[in-house]
Q: 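Take this structure, written in structure tokens, and hold onto it; I'll ask about it next.
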Amino acid sequence: MIRVTTSLLNQLSDLVGQAFEKCDLDPSFGKVVVSQRRELGQFQCNGALGAAKKAKKNPREIAEKIVAELEKTGLFNELSLAGPGFINMRLNDEFLIKHIDQISGDASFGARDGHTPETVILDFGGPNVAKAMHVGHLRATIIGESLRRLRTFLGDSVVSDVHFGDWGLPMGMLIKEIELAKPDLPYFEEGNSGPFSEVSPVTVDELQLLYPAASGRSKEDPEFLEAARQATFKLQQGHAGYRALWQHMLDVSVNETKIDFDLLGAHFTEWKGEADTNDHMPGMLDRFKKEGLSEISDGAVVVHVAEEDDKKEMPPLILQKSDGAVMYGTTDLATIEIRQQDHKPDSILYVVDARQSLHFEQVFRAARKGKSITEHTKLEHVGFGTVNGKDGKPLKTRDGGVVRLRSLIEDAIAEARKVVLEAGLDDRFDAEELDNIAKKVGVAAIKYADLSNPRMSNYVFDIERFTKFEGRTGPYQMYAAVRIKSMLRKAAEQGLKQGPLVMTADAERNLILALSLLPEAALAAADKNAPNILCDHVYALTQEFNSFYHDCHVLGEKDEAVRSSRLTLCAITLRQIETVLQILGIDVPERM
RNA sequence: GGCCCCAUAGCUCAGCUGGAUAGAGCAACAGAUUUCUAAUCUGUAGGUCGCAGGUUCGAGUCCUGCUGGGGUCACCA
């Protein structure tokens with residue numbers, strides 16, 4: 001007997017595959033998918049066409065044989081043939097109810113059953129010292145956090161590392177800029193090895209002004225840039241004053257980014273950064289040199305990563321610039337080695353802007369070449385597209401500046417509050433609850449809008465559209481869950497009990513079918529690192545629920561068996577909607 | 001210039017390894033409520049899938065060329 005806890009589509013595919021096997025055909029032709037034409041069936045299999053092509057036979061004849069085999073199982077209410085050889089099927093209700101009973105008894109709705117647990121490291125967030133997080137960090141954080149939750153849901157052991165940008169040339173630029181502004185600070189005294197003050201000489205607001213100043217100065221003043229380069233090198237070599245100053249800048253910046261990450265509900269098990277590779281660096285550089293993996297090119301130490309059959313140009317990875325300082329490729333490579341030592345991961349996923357794909361390709365190749373990671377470990381750049389304004393170009397403020405993440409979130413919360421107030425139902429909430437609802441709705445609106453796009457696509461940021469309660473929005477999904485919560489509260493007040501499932505209406509069957517597809521969605525989302533698949537799933541689910549809600553009264557239902565069954569169905573649906581939204585990083589309030 | 005990605009309804013986008021009549025949402029129009037929260041549901045209308053070839057029984061999907069847009073091409077991150 002087939003296992004009942006695995007995904008419904010896999011079960012059906014196995015079953016139909018067996019039928020193909022009995023006809024001496026490859027079982028892989030038995031792949032079953034949700035029907036494109038629901039009026040003809042719940043599921044379909046198109047394998048007869050492919051099999052016919054391969055076996056040089058008539059597709060309809062093959063399909064007829066398959067149908068005959070499937071009839072014998074007794075699991076189907078209806079099996080039919082259509083067109084050139086499409087097999088349409090409808091399961092009988094007993095089977096569906098049994099299946100939903102089984103998966104609803106499992107916290108993952110049967111999804112874990114189809115997943116082999118592994119140790120996965122997620123590298124996302126990627127804020128930088130002194131720079132306020134901006135719209136570019138939005139997707140990295142939202143997608144990364146969602147993948148973290150998804151993998152945890154599927155039973156993986158997940159390490160999430162924020163990987164602070166804290167070690168490159170910008171550090172030298174900041175040090176020199178601070179020196180210009182406050183030359184008397186002890187950090188700049190020749191030979192001063194500390195100890196230094198425990199109080200930061202700069203506030204976060206100052207830092208955020210210092211950085212653009214330093215950046216601008218570097219472009220105009222070659223001497224300043226050169227000084228910054230030297231400072232970067234000295235910092236990396238352990239200059240005591242610079243290190244102390246750097247630590248202050250890092251601490252101040254970390255505290256600031258935590259506010260943003262908290263707003264977005266992102267969690268990190270590690271707050272590491274590029275700088276944490278410093279102790280590892282000399283050994284790694286030495287090894288690459290000794291093993292003949294690196295060489296000097298134009299004064300820089302590089303690893304050649306081009307391969308014979310490359311179509312595209314593949315520049316070497318620069319480990320050390322000609323001035324001796326390391327670059328972010330070097331720290332990324334060292335980070336891989338450290339992660340290998342610390343965690344022995346099966347996968348390392350980098351949730352970083354798609355524009356950095358060449359960089360990761362170089363780093364991954366260098367890591368393979370230098371055996372920095374075990375062969376079986378998967379290294380993957382999970383890229384994503386840009387967030388655009390209504391003009392189709394990357395989102396900018398009115399005066400062309402960078403949009404800060406904080407203001408983006410605050411605007412969304414303000415917009416959500418406006419929408420709730422406009423609905424005119426706010427008199428039910430006190431100020432505190434309204435705040436809570438606005439925050440949850442605003443953040444959900446942004447997250448759902450972001451995650452529902454395929455990762456690699458760019459999308460247009462339109463907060464008014466995102467906060468609408470109609471259509472494919474975060475709030476629509478939450479609203480369905482809130483409706484159920486309200487209903488279950490009333491049921492509890494009236495002492496109504498849940499009972500075994502019975503099928504009395506199409507809307508119930510459709511809802512159960514939607515519920516049954518979670519494992520498929522979760523596994524595909526994990527496999528492709530594509531949260532949008534889960535967004536599609538929860539949208540289909542909430543739509544089916546809303547139809548059910550419209551067609552089938554629950555609390556007022558006179559027949560106790562039907563009523564208690566529907567209460568059960570509502571409870572399962574709520575749990576699944578909340579589970580999926582939770583994976584997407586969306587919290588559902590009690591009311592809204 | 002080389003390489004990579006994209007082009008689908010008025011708008012924002014789906015379309016999984018080629019499979020039936022190309023789908024959603026928004027906007028438009030027509031309906032449904034003495035609400036279990038209508039912030040909902042049902043229906044109608046809307047398409048030469050950028051252009052031109054090719055492979056195939058079958059192409060939005062695969063191949064080639066073209067047009068338009070974006071990204072990227074070693075000492076920034």
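A note on names: the letters A, B, ... follow the listed sequences, proteins ahead of strands, and every chain is numbered from 1.
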Q: Anything below 3.5 Å on both distances counts as a pair; with that, list the stems of at least three consecutive Watson-Crick or G-U pairs involving RNA chain B.
A: B:1-7 with B:67-73, B:10-13 with B:23-26, B:28-32 with B:40-44, B:50-54 with B:62-66
Q: Please identify each residue that fulfils side chain to side chain donor-acceptor pair (under 3.5 Å) with A:His137, with sequence neighbours left out.
A: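 With sequence neighbours excluded, A:His137 shows a side chain to side chain donor-acceptor pair (under 3.5 Å) to no residue whatsoever.
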Q: Spell out protein contact along nucleotides 67-77 of chain B as letters: B when the base is contacted, S when just the sugar-phosphate is, - when no protein heavy atom is under 4.0 Å; keep the 5' to 3' order.
A: ----SSSBBSB
Q: Which pairs of donor and acceptor atoms, one on a side chain in residues 534-541 of chain A, lie under 3.5 Å apart (sequence neighbours left out)?
A:
unit_1   : atom_1 : unit_2   : atom_2 : d
A:Asp536 : OD1    : A:Arg472 : NH2    : 2.6
A:His537 : NE2    : A:Gln576 : OE1    : 2.8
A:Tyr539 : OH     : A:Gln543 : NE2    : 3.1

Q: For A:Leu395, check side chain to side chain contact (heavy atoms under 4.5 Å, CB included) against everything at least two apart and list the hits.
A: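 With sequence neighbours excluded, A:Leu395 shows a side chain to side chain contact (heavy atoms under 4.5 Å, CB included) to A:Val135, A:Val387, A:Val403, A:Leu408, A:Phe461, given in chain and number order.
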Q: Could you check which residues of residues 78-90 of chain A get a heavy atom under 4.0 Å from RNA chain B? Sort them by number, please.
A: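 Here the set is A:Ala82, A:Phe86, A:Asn88.
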Q: Partners of A:Ser215 by side chain to side chain contact (heavy atoms under 4.5 Å, CB included), sequence neighbours excluded?
A: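 Listed in chain order: A:Met173, A:Tyr211, A:Lys219.
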Q: Could I get the full list of salt bridge (Lys or Arg N to Asp or Glu O under 4.0 Å) partners for A:Arg38, not counting sequence neighbours?
A: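 By the salt bridge (Lys or Arg N to Asp or Glu O under 4.0 Å) rule, A:Arg38 matches no residue at all.
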Q: Tell me every residue that passes salt bridge (Lys or Arg N to Asp or Glu O under 4.0 Å) with A:Asp332, counting only those two or more places apart in sequence or in another chain.
A: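 With neighbours one apart ignored, the set is empty.
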Q: Got a sec, which pairs hit salt bridge (charged side-chain N to carboxylate O under 4.0 Å, His left out) with one end in residues 474-485 of chain A, sequence neighbours left out?
A: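 Applying salt bridge (charged side-chain N to carboxylate O under 4.0 Å, His left out) to every pair that reaches into residues 474-485 of chain A, excluding sequence neighbours, yields A:Lys485-A:Glu578, A:Lys485-A:Glu590.
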Q: Would you tabulate the nitrogen or oxygen pairs shorter than 3.5 Å linking the protein to nucleotides 56-60 of chain B?
A:
unit_1 : atom_1 : unit_2  : atom_2 : d
B:G58  : O6     : A:Lys53 : NZ     : 2.7

Q: A:Gln42: which residues meet the side chain to side chain contact (heavy atoms under 4.5 Å, CB included) condition with it, sequence neighbours left out?
A: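 Counting only residues at least two positions away or on another chain, A:Gln42 forms a side chain to side chain contact (heavy atoms under 4.5 Å, CB included) with A:Arg90, A:Leu91, A:Leu96, A:Arg509, A:Leu513.
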